Amino acid sequence: MIVRYKDVRAVLTSPDSSRNLREPGLPRMVSGTALEDDPAALINQDPPEHTRYRRIMQGTFTPKHIERWRPRAAAIANELIDAAGQEFDVVADFALPLPARVICEMLGVPMDRFEQFRGWTEMFLSTSEASSEARGEGFAAFMAYAGELIAEHRVRRGDDLIDLLIEARDDGDRLSEAELTHMVFTLIMAGHETTASIIIRGTYRLLCHPEQYAQLAARPELLEPAVEEILRCEGPGGNGLLRRVTGDIELSGGVIPAGAVVLPNPTGANHDPSAFADPQRFDIHRFAETAVNPHLSFGHGPHYCLGANLARMELQEAFRALATRLPGLCAQEDLATLRWSDDGLIYRPLRLLVKGG
C-alpha cells in the first residue's frame, strides 16, 4: 500500500501503473456489479482505449457545462430542506435524495420514473442488503432502461447530459451504444453513492466543529475552501484502486518491481504531514491559501475523476443550503456513538435538529 503524497501521485501518473482488468494479474477487491469489477468501465482501462474514451468525453464535464445545472441543484437542496421541518434524517431526507434527483434531472429521467430509478440506484449501494441475485436483476433492468433513455434522446434531441454524451466526439469518433450505457451507469454509481457519502460525512465533520459551521454560515466566501477540506478529510478516494505494475517504479521507499500489485491510498496521501501541515486538523480555512497542495480525493493523472466538476458543484450547493438555511443545525444524538459502514455511510440515521428557524 502506497500512502505518501508524492509516492501516490507518482503511481497515479506512471505509465507503468495498469488498471486493465482484461489482463491477468490484477486481483479484485470487490465482485458483482460494482464499477471496480467491470472491465468495460472507464476506470478499468489503460491507453489507448482509455485515452480515446477521455478524449471524446473531455468537453462534456467542463465547468461551463456543469454550471448550467447549478440553479437546479440549489433549488432541489432547498426543496429538501423545506420538506424536512424542525427535525430530519440527513441520510434519508437530504444526502441520498439530493444527488439522485440532480442526476435524474441532468439525464432527463422523467419524474414518473424517479422512484423506480432511485430504487435501482439504492440497490447498488455498498450498504444495500439486496442479494447478489437481486442486484444482478436490477443491474440488467437498469441497463435496459438506460438503453431506452438513450434511444429516446436520439429521436427527441434536447440539452440534457445524455444529449451531450451522444454528441461527444473527437474527429468523428463517438461513443458506442455499450459505452454510452456504461457511462450512464458510471455517472449514477459514482455520482450517487460517493456524493451522498461526502454530504453525510461532511455534515458530521462540520457538526464536530460547531465553531467552523458557524463561520461557514456567517461567511459564504468560505464555502469553496470548506468543500475542498471536506474532500481532503472525507473524500471519495477511500482506499484507492489496485494497480498492477508493468515496469519498475521508483518511489521514496524503494523500487516497486514489475509484476507487483500496489494500492495507492489517496486518504493516506491526503493526511501526509509532508504535504499538509497538521493533517489531522479539520480546517475550513486551509484551502483559502492558494499555496497548499491539492488533495488527491479525485485522483491524479490520466484517471483523474471525469465528474470532479459535477461533484464539486453538488457539494457546494448542498453545504450552501445547509449553512445558510440552517445556521442553528445540531445533532440530536451523540456524534461519538454513530456507527459507519466501510464505505462511509452511516448505518443508522444521523438525525439533525434545526434550532433558531
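Note that the structure is a prediction, hence the values are computed from the model and not measured. Heavy atoms only: backbone and side chains are in, while hydrogens, waters and symmetry mates are out.
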Is there side-chain contact between [X] and [Y], with heavy atoms separated by less than 4.5 Å?
| X | Y | answer |
| --- | --- | --- |
| Pro266 | Ser297 | no |
| His300 | Thr13 | yes |
| Glu79 | Arg101 | yes |
| Ile56 | Glu179 | no |
| Ile166 | Arg157 | yes |
| Glu234 | Ile200 | no |

Requested in this report: Without swapping roles, check the side chain of Asp16 against the backbone of Val245 for a donor-acceptor pair under 3.5 Å.
Outcome: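 The answer is no, because no donor-acceptor pair under 3.5 Å joins these two groups.
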Report task. With sequence neighbours excluded, tell me which residues meet side-chain hydrogen bond (donor to acceptor under 3.5 Å, both in side chains) with Arg70. Result -> Glu67, Gln316, Glu317
Query - side-chain hydrogen bond (donor to acceptor under 3.5 Å, both in side chains) involving Gln215 - partner list, sequence neighbours excluded - result: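 Scan of Gln215 (side-chain hydrogen bond (donor to acceptor under 3.5 Å, both in side chains), adjacent residues dropped) gives His285.
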Query raised in the report: Any cation-pi pair here, Arg232 with Phe276, using under 6.0 Å and within 45°?
Result: yes
Query raised in the report: Could Glu229 and Arg205 be called an ion pair, given the rule that one side-chain N must be under 4.0 Å from one carboxylate O?
Result: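 Between Arg205 and Glu229 there is no salt bridge, as every charged N stays at least 4.0 Å from the carboxylate O atoms.
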Query - Presence of salt bridge, Arg312 and Glu224, under 4.0 angstrom - result: no
**Report entry** Verdict with supporting geometry, Ile76 and Glu105, side chain to side chain contact (heavy atoms under 4.5 Å, CB included)
**Finding:** CA-CA 10 Å; Ile76 292 169; Glu105 293 206 10; 3.8 Å; yes
Using 0.5 Å steps for rounding, measure from the [atom1] atom of [X] to the [atom2] atom of [Y].
| X | Y | atom1 | atom2 | result |
| --- | --- | --- | --- | --- |
| Lys6 | Leu251 | NZ | CG | 12.5 Å |
| Thr203 | Phe319 | OG1 | CZ | 4.5 Å |
| Ile150 | Tyr145 | CD1 | OH | 11.0 Å |
| Ile230 | His295 | CD1 | NE2 | 10.5 Å |
| Leu149 | Ile162 | CG | CD1 | 3.5 Å |
| Leu310 | Ile66 | CG | CD1 | 4.5 Å |

Query - Crowding at CD, Glu133 (>12 non-hydrogen neighbours, <6.0 Å) - result: no
Query raised in the report: Would Ser18 and Asn20 count as having a side-chain donor-acceptor pair, cut-off 3.5 Å?
Result: no
Query - Non-neighbouring partners of Asp112 that pass salt bridge (charged side-chain N to carboxylate O under 4.0 Å, His left out), sequence neighbours left out - result: none
**Report entry** Nearest heavy-atom neighbours spanning Leu306 and Met183
**Finding:** CD2-CE, 4.0 Å
Requested in this report: Locate the shortest heavy-atom distance separating Thr60 from Leu161; write the atom from each residue and the value.
Outcome: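 Looking at all heavy atoms of both residues, the closest pair is CG2-CD1, 3.8 Å.
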**Report entry** Verdict with reasoning, Tyr213 to His209, per side chain to side chain contact (heavy atoms under 4.5 Å, CB included)
**Finding:** CA-CA 7 Å; Tyr213 185 74; His209 298 81; over 6 Å; no
Query - Hydrophobic cluster membership, Val255 vs Leu263, 4.5 Å side-chain cutoff - result: no
Query - Trace of the side chain to side chain contact (heavy atoms under 4.5 Å, CB included) decision for Leu96 with Val91 - result: CA-CA 6 Å; Leu96 286 174; Val91 178; 4.0 Å; yes
Requested in this report: Decide yes or no on side chain to side chain contact (heavy atoms under 4.5 Å, CB included) for Val3 and Asp272, but give the supporting numbers first.
Outcome: CA-CA 8 Å; Val3 297; Asp272 181 349; over 6 Å; no
Query raised in the report: Which word best sums up how the rings of Tyr304 and Phe298 line up, parallel for under 30°, tilted for 30 to 60°, or perpendicular for over 60°?
Result: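 Judged by the thresholds at 30° and 60°, the geometry between Tyr304 and Phe298 is perpendicular.
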Query raised in the report: Should the pair Phe88 and Phe94 be assigned to parallel (<30°), tilted (30 to 60°) or perpendicular (>60°) ring geometry?
Result: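 The arrangement is perpendicular - the two ring planes meet at more than 60°.
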